[in-house]
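Notes to accompany the following structure.
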Amino acid sequence: MSTFDDMDAFEGASLSARAMAARPMPYLDDLNPAQREAVERLDGPVLMLAGAGTGKTKALTARIVHLLTTGRARPNEILSVTFTNKAAREMKLRVGRMLGQQIEGMPWLGTFHSICVKLLRRHAELVGLKSNFTILDTDDQIRLLKQLIRAADIDDKRWPARQLAGLIDNWKNRAWVPAKVPASEASAYNHRGTEFYDQYQTRLRELNACDFGDLLLHMVTIFQNHPDVLDQYQRWFRYILVDEYQDTNVAQYLWLRLLANTHKNICCVGDDDQSIYGWRGAEVGNILRFEKDFPGAHVVRLEQNYRSTEHILAAASGVIRGNEGRLGKELWTDAGGGEKVRLIGHWDGVDEARWTGEEIESLQKGTRGLRPHSLDDMAILVRASHQMRAFEDRFLTIGLPYRVIGGPRFYERLEIRDAMGYFRLVVSPDDDLAFERIVNTPKRGLGDKAQQVIQATAREFGVSLLDGARIAVDEGRIKGKGAGQLRHLCENLGRWREVMLGPVLRQGDVEPDDTDAVIDDEAPFVVGETRRGKPTVTHMELAGMILDESGYTGMWQADKTPEAPGRLENLKELVKALEQFENLQGFLEHVALIMDNESDEAGEKVSIMTLHAAKGLEFPCVFLPGWEDGLFPSQRSMDESGLKGLEEERRLAYVGITRAEELCTISFAGNRQVFGQWQSALPSRFIDELPEEHVDVLTPPGLYGGNYGAASPYGAGSGLETRAAEANVYNSPGWKRMQARSGQRPTSQPRESRTQVIDLTAVSAFEMGQRVFHQKFGYGDITGIEGDKLEIAFEKAGVKKVVARFVHADDDVPF
DNA sequence: CGTCATACTCTTTTT
DNA sequence: GAGTATGACG
C-alpha cells in the first residue's frame, strides 16, 4: 500500500476545491494591511514577525482558509505545526469557524510531536522499531537510564540519571544521533555520555520504544536516509505553516527544511522577542536566519497591537530594548494611554502575597475608575513554580478562589501512572517498563529478590518480563506467598487482554448483533490470524475491572493518608476520560502526547501560573511578583548561559508585561523564604529598565523600599551593604510585624474589607474539637471558630485559619 | 519482605 | 521545608 492511499482516504478530501473557489472571502475584510499581506502572499517562503497581541493566530487561520478557498490546496495537503496541543485545537476551531463549516480533514494540523508520531508509525521499521512502539515518559526514561548506569557500576548519586537524561535530550534536540555527537562533547557525563547515549538507544530499540526527542530525531533520520520517503512527503505537503517558529530547535528546523524543500511554500510565524525556550533547545537563531535559509523570503511585520494600553506597551518595549540582535519591531496601539504600569515593593514574600490578595479583591469591586473585574480577568505570573505557594497559602486562608495552571499534570500523578502501567501492560504485554512499575504495586510480596529472578528468567529465555514471570512461576523459581500472587497477576493480565481483544471467532462465526462483521476489520486489535469478535465489555468497564481486580483501587481505599481520597477521585476521573476514546490503545497514545491539562473547573477564579505557561494568553489585570535579582532574572539562567541567559530572562519579562490588557502590576520583596531559609535580595535589574514615565510607584504606608531607582530598603548595593542590611533586618518594623503575625493570636484583626457572604450553614456544621479534612492541609482538629473561618490544628501543616467551606467533616475517624 | 527513620537533594522553565 | 532514596530493624 502506498503511503498516500491512506492519506487520500483520510477524512480530508471532503471539501471540493472548485466549490470553495467560488466562495467569497469575507475573512479578508477583517484584516489590517500587514495581516492581509501575510495572508495573501501564499507562494514562496514567508516570515510573519508577529509581536505580542498583534493578531497572529487570526492571520494564520485566515491564511489556511485562504489556501482552501482559493483552491491552492486541499485540507490534507497543508501541514501546519504548533507547539502545544492547545494551540492546535484553537487553530482547528478557528479555521472551522472562519470557514463556516466544521472541517474534518486537517489531518496534518497538530503539534510537532503528534505529527511525527503519525509519520513514524508508518515508517517505524526504517529506524528499527515496530509501528506499535510505545512512547516513554520522563519517568520511564529516567528509570531506564538508571538501570544502565547501575549496570555500568557507576555511582548514580554522583552522576545522576536526570543529568544524563538532560544531556541526551539536548543532543537529540540538536539532531545528533549517537555517532554524530561531536568530539567537543566527549567529556560530558564523566566522559561516558556518548557511550550511555548509544546504549540507551539500543535499549529503546529492544523495548520497541522511543522517547520524546526520538519522535523528531527518528523522522529526521528517516528523511535523510530515505530520499524516496522524503520525496513523497515533500510533494504531498504543498503548503507548510509553522507557529511559534522562534521556539523551534535544530531537529525541528531540519525536519521543516527537508519537508519544505520542493514547494518552498513555508510560512513561519514567530516573534524573536518571545523566544523563551532556549533552555530546552530552542534556537532563536532559526528565526533570525530565516531570510538566509529561505532565499527570496518575504518578511511581514505585524506591529499593531490589539491587546494592551500604551503604557503597558511602552514599559514592555523599554525592557526588551536592552537585548542585542533583535529583528526589531515596535508595537503600537490606538487604544490610548490607560493605567501606568504599577510597581510596588514589599518586605517579604508573605506581604507580597497578602497585598496582592487585597488588591485582587478591590479590583473585583472596581477601584479608582477601573471597572469591576471578574476573577477570571486576573492572573499572577511567576518566574518559578515555587513562588506559587505563598499565593496559594494566602488565598486559601482568605477564601479567594484560584486556579493553578500548568501545575502538577494530571497524567503525571503517581496513581494515574500506575493505572496506566496496568493499561499499557494489557495493551502491550511486552512493555517491560510498565511491568516493572506495577509488579509490586499494590504490594504482592515481590521484593528485590523476586524481581531479580524474573529479570534473569526473562533474559535467559529471551522473552519479556511478563513472560519471564510466567516461566519463573511455572518452574517454581519464586517461593513464598509472592509466587501465588505473581501467578494471579499474570493470569489476570492474560484474562484482561482476552477481554479487550474480544471473543475468538471460529471460521464462519457471525457476530450476534452485527451480521456484516464476520471479520471485523475495524476491531482494535487483530492478533496474528485469530479472528476476534466485538469485546463484551466497553473499554471503560475493562479499565474499572483492571483497577479493581488488580487490587489497585483497594490499595488506596485502605490507605488512610490524607491524599488517598483525592487519588481515588483521580482514578475515577481517569476512567471517565476514557469515554472520549475508542479503545485503550487510542487513549494511551493520546496521553503520551498530551502534556497540557485543561482543568476546566467552573467558577470565577484567579489564575496562577508561570511566565512560560502564560505565553499566548492575555488578561485584563496581570500581577508580576518576585522581580528580584537572582529569582528574576534567575541566577541559574545567568550562571549557565551568561548574557544569552539574561537576554532570555528579559524576553520572559517582556512576555509577562505584554500579557496585560489594562493593568499590569510588578512587585518585589526584600526577603523571601527559600529552602525554608530566609534570604534577602535586591530588586530586579529589569525594574531599572522600566521607563519611568510609564510607571506608577506605589508606596503603601509603612512600607520599605517602595521607591525605585534607589529601590532597595538598604540602598542599591554591594554585597557588603547587603550583609549589613541583613543584620538590621531583625530590628526593622517589618521583621517585628512578621514575628507578631506568626504568633497568630486567635483574635487577630477581623477583615472589614471582605464583602463575602458568610455561609452560616457551613459554619454551624462544625464544632470545637471536631476532626476535619482539608484538601491541601490534610487532617486536623478545630481549635477555634470565628465567623466563617475556622482555626484548625492540622496534623501535618500546623495551625491554620481556613474558610469553612474548604473543609469537610471527617466522619470516618472516631476520636 | 515491609515499615520506619534518617539523609539528602531540590527550584526554573515542558513537548 | 518537602519529597525522595537509602538503610536498619522487625
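Numbered from 1 within each chain, the chains take letters A, B, ... in sequence-line order.
- Legend: residues meeting salt bridge (Lys or Arg N to Asp or Glu O under 4.0 Å) with A/Asp169, ordered by chain and number and at least two apart, are absent.
- Considering only the side chain of A/Thr610, B/dT13 comes nearest among B/dT13, C/dG1, B/dC1.
- Atoms CG (A/Asp169) and C1' (B/dT14) sit 10 Å apart, rounded to a whole Å.
- Comparing C/dT6 with B/dT11, their C1' atoms are spaced 23 Å from each other, to the whole Å.
- For the pair A/Trp678 CH2 and C/dG1 P, the interatomic distance rounds to 12 Å; values are reported in whole Å.
- Checked against B/dC1, B/dT13, B/dT15, the side chain of A/Phe212 finds its nearest nucleotide in B/dT15.
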Can you pull every protein N or O that's under 3.5 Å from an N or O on nucleotides 6-10 of chain C?
unit_1	atom_1	unit_2	atom_2	d
C/dT6	OP1	A/Arg150	NH2	2.8

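- One interatomic measurement links the two molecules: CE of A/Met388 to C1' of B/dT13, which rounds to 10 Å at whole-angstrom precision.
- Separating the CZ atom of A/Arg389 from the P atom of B/dT11 is a distance of 15 Å, rounded to the nearest angstrom.
- A/Phe112 comes within 4.0 angstrom of nothing in the nucleic acid, heavy atoms only.
- A/Ser385 comes within contact range of the sugar-phosphate backbone alone, with a heavy-atom separation under 4.0 Å but no base atom that close.
- A/Asn170 meets the side chain to side chain donor-acceptor pair (under 3.5 Å) test with no other residue; sequence neighbours excluded.
- Taking the side chain of A/Phe675 as heavy atoms from C-beta on, and the options B/dT13, B/dC10, B/dT15, the nearest nucleotide is B/dC10.
- Using modelled atom types and a 3.5 Å distance limit, the side chains of A/Gln201 and A/Asp214 yield a donor-acceptor pair.
- For A/Tyr189, there are no side chain to side chain donor-acceptor pair (under 3.5 Å) partners at least two apart in sequence or on another chain.
- There is a side-chain donor-acceptor pair under 3.5 Å between A/Arg257 and A/Tyr253.
- Protein atom CH2 of A/Trp255 is 17 Å distant from nucleotide atom P of B/dT15, rounded to whole Å.
- Going from atom CD of A/Gln163 over to atom C1' of B/dT9 covers 14 Å, rounded to whole Å.
- A/Gln455 and A/Gln147 share no donor-acceptor pair across their side chains, judged by distance under 3.5 Å alone.
- With sequence neighbours excluded, the residues that form a side-chain contact (heavy atoms from CB on, under 4.5 Å) with A/Gln451 are A/Val439, A/Asn440.
- By the ring-ring contact (aromatic ring centres under 6.0 Å, His included) test, A/Phe619 is found to be paired with no residue, residues two or more places apart in sequence or in another chain being considered.
- Rounded to an integer number of Å, the gap from A/Asp139 CG to B/dT14 P is 17 Å.
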Distances for protein N or O near nucleotides 2-6 of chain B N or O, under 3.5 Å:
unit_1	atom_1	unit_2	atom_2	d
B/dG2	OP1	A/Gly445	N	2.9

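- Residues passing the salt bridge (Lys or Arg N to Asp or Glu O under 4.0 Å) test with A/Arg651, sequence neighbours excluded: A/Glu648.
- Taking atom CD1 on A/Ile276 and atom P on B/dT13, their separation rounds to 12 Å, with Å as the unit.
- Here A/Arg437 pairs with A/Asp139, A/Asp418 under the side chain to side chain donor-acceptor pair (under 3.5 Å) rule; sequence neighbours left out.
- In this structure, A/His386 and A/His113 both approach DNA chain B, and ranking their closest nucleotides by distance from the 5' end singles out A/His386.
- Here A/Trp279 lies parallel enough and close enough to stack on the base of B/dT13, with planes under 30° and ring centres under 5.5 Å apart.
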